[in-house]
Amino acid sequence: MPETVRVRFAPSPTGKLHVGGARTALFNWAFARGRGGVFLLRIEDTDPERSRREHEAEILEGLAWLGLDWDEGPDVGGPHGPYRQSERLERHRELADRLLAEGRAYRCFCGPERLAELRAEQEARKQTPAYDRRCRSVAPDESARRAAAGEAFTLRFLVPEGETRFRDAVRRDVTFANAEVDDWIMVRTDGKPTYNFVVVCDDADMAVTHVLRGEEHLVNTPKQVLLYRALGFDVPEFGHLPLMLGTDGRKLSKRTGDTALADYRDGGYPPEALANFLCLQGWALDGETEVFSLETLVERFDVADVGKAGSVFDPDKLLWLAGEYVRADSPERLAERCAPFVAAAGLADADELERRRPWFVDVLRTEQERIRTYAELPARIAYLFAADDAVEYDDKALKNARKHARARELLEEYGAWLAERFDEGPDAVREATKAWVVERELKMPVLFQPLRLALTGLPGGPDLFEVMALLGRDASLRRIRVAGERLA
RNA sequence: GGCCCCUUCGUCUAGUCAGGCCUAGGACACCAGGUUUUCAUCCUGGCGACAGGGGUUCGAAUCCCCUAGGGGUCACCA
């Protein structure tokens, strides 16, 4: 009977949720869900300077927006709580004391000044900066006496001789020479434990079986494996996910563009599109299928299939995927998701859109194939909300209309004709209009370009008879009349 | 610089662990054409890669070695 898979996502609440972190969470989640395991969230708030509760809330919101859910966490609790590291201090102290008592850790009385000096010397000699382990030789009784006397100290892990190897689902077996591992600090002068220490204590206490995290943590792993063993805990299996890179080929950062998950939510990207895109960074379903659901991911995902090389974040591909999801969505749901963006653009308030819901759904039906993000909608439909005598004319649209010498007369004539049969409906009017153009031995654009300018002011857009249906009889006829005057 | 990791079209990737099915497949982007009242969608086609060099083998993108390039990390941050 194999033990239950337990994986975790452990963000530190020091800022917004990064898309790279979101992908780590996504893969952890998919791994757990695909194996009937448990996905838990733990907040790594051991840095009181930078940790903020608002950030924690935002991170949780972001994960939920992406479509993830969790079985244990700071908001839902669970059998292995608390799920904030700052609330687990007791346990951390207990384990640190144990290590000290067993001689697997030692007090270090070297202050910041000496450490800085040491580092400077080492750098001057082109050596790799590392603690010189001077305090290893302080005898236990002297160490205890100095501590009791109030002398400041940190607790360092005593790295043994030899080498450390561990299983990594992505990179196979990895080995580090212990000589390369520093006697790192477990507990600071102020008594607060550091990341490398608490992460192991908590993962072990929370019975985490697989640690899937970003590759930047690979070098921390030997320290942690050594700690698991010193503590007598089972070492989990690791999986170091390749980094997500910016277009400059370096680790994704603020400089290379949007990196916060919230930027994409605020930018009107469908969450399904972003989740799908994130799946494609370092993993592929079959090399052919690009668009797939989280459900499919869960069915097919395996950490062992994750690639080793970093991947450059391609905003163009994300935009394309966004369009795919928008086109596949229902006009009703699109209306719901787009409404806030239309309201934010100041075109109409939320109440008005709610009142005109059927109409707004029709608007989405006509624009659906032209937008990729919800945020692209307002600019496309602003003309619907403009005053009939003040529709903004786009330069290109104006040029298109002016190409036709008789545009003005034609619009007047057509307007009068249209007034008689507007109520026959879009399909009938469309056919009749085409016949009307043919009768006059004209090309279609001769009428349609000026007409599009009159109604929308834009160079492109939906079928004009659908546009007229959205505008209604009065507005349509008025705009055609006004255009005749404006073109004069 | 030390240590560690990585390397298939501009980008995301399939294929690599089990060498032949690969004159390397798909997608985004780009270009050209078609459809349309325009824009978009959609359809068709094009461009385009096994980092380099050795070796093993009848046969290598796939195995081995070397070189080069890129990245990560070297905190009393996480």
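Given the structure is predicted, the values throughout are model-derived calculations rather than measurements. Proteins come first, then strands; the chains are lettered A, B, ... in the order of their sequence lines, and each starts at number 1.
- The side chain of A/K308 has B/rC6 as its nearest neighbour among B/rC76, B/rC6, B/rA29.
- For A/P11, the side chain to side chain contact (heavy atoms under 4.5 Å, CB included) criterion is met by A/F9, A/I43, A/I59, not counting sequence neighbours.
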All N/O contacts under 3.5 Å from nucleotides 67-72 of chain B to the protein, with atom names and distances to one decimal?
{"unit_1": "B/rG72", "atom_1": "OP1", "unit_2": "A/K251", "atom_2": "N", "d": "3.4"}

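- The side chain of A/E180 sits closest to B/rG2 out of B/rG2, B/rG1, B/rU7.
- Rounded to a whole Å, the NZ atom of A/K223 is 12 Å from the P atom of B/rU73.
- Residues satisfying the ring pair (Phe, Tyr, Trp, His ring centres under 6.0 Å) test with A/F31, not counting sequence neighbours, are A/H210.
- Annotation: ring pair (Phe, Tyr, Trp, His ring centres under 6.0 Å) contacts of A/Y83 (sequence neighbours excluded): none.
- Among B/rA40, B/rA78, B/rC6, the nucleotide with an atom closest to any side-chain atom of A/N196 is B/rA78.
- The side chain to side chain donor-acceptor pair (under 3.5 Å) search around A/R380 returns A/E367, not counting sequence neighbours.
- Spacing between atom CZ of A/R327 and atom C1' of B/rC39 amounts to 13 Å, rounded to whole angstrom units.
- A/R156 has its CZ atom 10 Å from the P atom of B/rA75, to the nearest Å.
- Under the side chain to side chain contact (heavy atoms under 4.5 Å, CB included) criterion, A/H55 pairs with A/P13, A/R52, A/E58, sequence neighbours left out.
- Taking A/F166 as the reference, A/F238 meet the ring pair (Phe, Tyr, Trp, His ring centres under 6.0 Å) condition, with sequence neighbours excluded.
- For A/R452 against B/rU38, a side-chain-to-base donor-acceptor contact under 3.5 Å is present.
- Heavy atoms of A/S12 sit under 4.0 angstrom from primed sugar atoms or phosphate atoms, though from no base atom.
- The base of B/rC76 does not come close enough to the side chain of A/T194 for any donor and acceptor atom to sit less than 3.5 Å apart.
- Set against B/rU41, B/rG1, B/rC12, the side chain of A/L280 has B/rC12 as its closest nucleotide.
- Counting to the nearest Å, the P atom of B/rA78 and the CD1 atom of A/I59 are 15 Å from each other.
- A heavy atom closer than 4.0 Å to some atom of RNA chain B occurs in A/P112, A/L115, A/R119, these being the qualifying members of residues 112-125 of chain A.
- With sequence neighbours left out, the side chain to side chain contact (heavy atoms under 4.5 Å, CB included) criterion links A/Q122 to A/L118, A/Q127, A/P129.
- You won't find any donor-acceptor pair under 3.5 Å spanning the side chain of A/R171 and the base of B/rC5, going by distance alone.
- Between A/T247 and the phosphate of B/rU11, there is no side-chain N or O to OP1/OP2 separation shorter than 4.0 Å.
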Protein-nucleotides 24-27 of chain B N/O pairs closer than 3.5 Å?
{"unit_1": "B/rG25", "atom_1": "O2'", "unit_2": "A/E288", "atom_2": "OE2", "d": "3.4"}
{"unit_1": "B/rG25", "atom_1": "N2", "unit_2": "A/G287", "atom_2": "O", "d": "2.8"}
{"unit_1": "B/rG26", "atom_1": "O4'", "unit_2": "A/E288", "atom_2": "OE2", "d": "3.4"}
{"unit_1": "B/rG26", "atom_1": "O2'", "unit_2": "A/E288", "atom_2": "O", "d": "3.2"}
{"unit_1": "B/rG26", "atom_1": "N2", "unit_2": "A/E290", "atom_2": "OE2", "d": "3.0"}
{"unit_1": "B/rA27", "atom_1": "O4'", "unit_2": "A/E290", "atom_2": "OE2", "d": "3.2"}
{"unit_1": "B/rA27", "atom_1": "N3", "unit_2": "A/K317", "atom_2": "NZ", "d": "3.4"}

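- For residues 444-456 of chain A, there are no salt bridge (Lys or Arg N to Asp or Glu O under 4.0 Å) pairs, not counting sequence neighbours.
- Residues forming a ring pair (Phe, Tyr, Trp, His ring centres under 6.0 Å) with A/Y106 (at least two apart in sequence, or on another chain): none.
- Using modelled atom types, one finds no donor on one side chain facing an acceptor on the other under 3.5 Å when comparing A/N220 with A/Y195.
- Among A/L227, A/D182, A/D183, the one residue that satisfies the side-chain contact (heavy atoms from CB on, under 4.5 Å) test with A/V159 is A/D183.
- The A/A284 side chain lies nearest to B/rU13 when the options are B/rG1, B/rU13, B/rC6.
- Judged by the 6.0 Å and 45° rule, A/R146 forms no cation-pi pair with A/F153.
- Regarding contacts with the backbone of B/rA78, every side-chain N or O of A/T14 stays at 4.0 angstrom or more from both OP1 and OP2.
- Between the C1' atom of B/rA78 and the NE2 atom of A/H92 lies a distance of 14 Å, rounded to the nearest Å.
- Distances shown here put every side-chain N or O of A/R213 at or beyond 4.0 Å from the OP1 or OP2 atom of B/rA78.
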